[in-house]
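Position 1 is the first residue of the sequence, and the numbers go up from there.
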Amino acid sequence: MQRCLPLLLIGSLFSADSQAAEKEATPPDFQRDILPIFEEKCIRCHGAKRKGGKLDMRTMEALLEGGDTGAALKPGNARKSLLIELIHYKEMPPKKEKDPPVTAAELELMRRWINAMPGAR
């Protein structure tokens, strides 16, 4: 049994690594992965009741339509997406609002989501 223990530990590490790699390989999904972040941190000001900058963040169609400054995202190119730029430079959500800031992990998830969209890079 003692000989098997190291093999079991190594096997469980490979299993955890492969699950993490599989999750990284799967593109983020708007409904499952992104919308919950928006609901927690953005939609209070960019939703049904308020549309700051005339931007509604509740649907993909609304994000692509954008607000006062144009589309919030550029499918296939997170680096050219206004949404990512404003969050990266901590302009959104504004510090004066009660919404918690977007974490680095959440921002990276949004980048992966946008980059995985079909569109010109």
Visitor: What is the distance from atom OG of Ser81 to atom CE of Met110, rounded to the nearest 0.5 Å?
Guide: 11.5 Å

Visitor: Could you check if a side-chain atom of Thr69 sits within less than 4.5 angstrom of a side-chain atom of Leu82, using non-hydrogen atoms only?
Guide: yes

Visitor: Kindly state each residue pair satisfying ring-ring contact (aromatic ring centres under 6.0 Å, His included) with at least one member in residues 25-44, sequence neighbours excluded.
Guide: Phe30-Trp113

Visitor: Output a table of donor-acceptor pairs, distance under 3.5 Å, between side-chain atoms of residues 59-66 and any protein atom two or more places apart or on a different chain; print 'none' if there are none.
Guide:
from: Thr59; atom 1: OG1; to: Ala62; atom 2: N; distance (Å): 3.0

Visitor: Looking at Ala78, is its backbone amide N or carbonyl O close enough to the side chain of Asn115 to form a donor-acceptor pair, meaning the two atoms are under 3.5 Å apart?
Guide: yes

Visitor: Using side-chain heavy atoms (C-beta onward) and a distance below 4.5 Å, is Ile34 in contact with Leu109?
Guide: yes

Visitor: Has Lys41 got a side-chain atom pairing as donor or acceptor with Pro101's backbone, closer than 3.5 angstrom?
Guide: yes

Visitor: With side chains defined as the heavy atoms from C-beta onward, is the minimum distance between Pro75 and Ile114 less than 4.5 Å?
Guide: no

Visitor: Indicate yes or no: at least one non-hydrogen side-chain atom of Ile43 is less than 4.5 angstrom from one of Leu35.
Guide: yes

Visitor: Going by side-chain hydrogen bond (donor to acceptor under 3.5 Å, both in side chains), name the residues that satisfy it together with Thr103, two or more places apart in sequence or in a different chain.
Guide: Glu106

Visitor: With sequence neighbours left out, write down each residue that passes side-chain hydrogen bond (donor to acceptor under 3.5 Å, both in side chains) with Arg58, or none if nothing qualifies.
Guide: Asp56

Visitor: Donor-acceptor pair, Arg112 side chain versus Thr26 backbone, under 3.5 Å?
Guide: yes

Visitor: Show me the donor-acceptor pairs within less than 3.5 Å that the side chains of residues 83-91 make with the rest of the protein, sequence neighbours left out.
Guide:
from: His88; atom 1: ND1; to: Arg111; atom 2: NH2; distance (Å): 3.2

Visitor: If only atom types and distance count, is the side chain of Lys51 paired as donor or acceptor with the main-chain N or O of Gly47 below 3.5 Å?
Guide: yes

Visitor: Could you tell me whether the side chain of His46 and the main chain of Gly52 form a donor-acceptor pair under 3.5 Å?
Guide: yes

Visitor: List for me each residue that meets side chain to side chain contact (heavy atoms under 4.5 Å, CB included) alongside Pro36, sequence neighbours excluded, and say none if there are none.
Guide: none

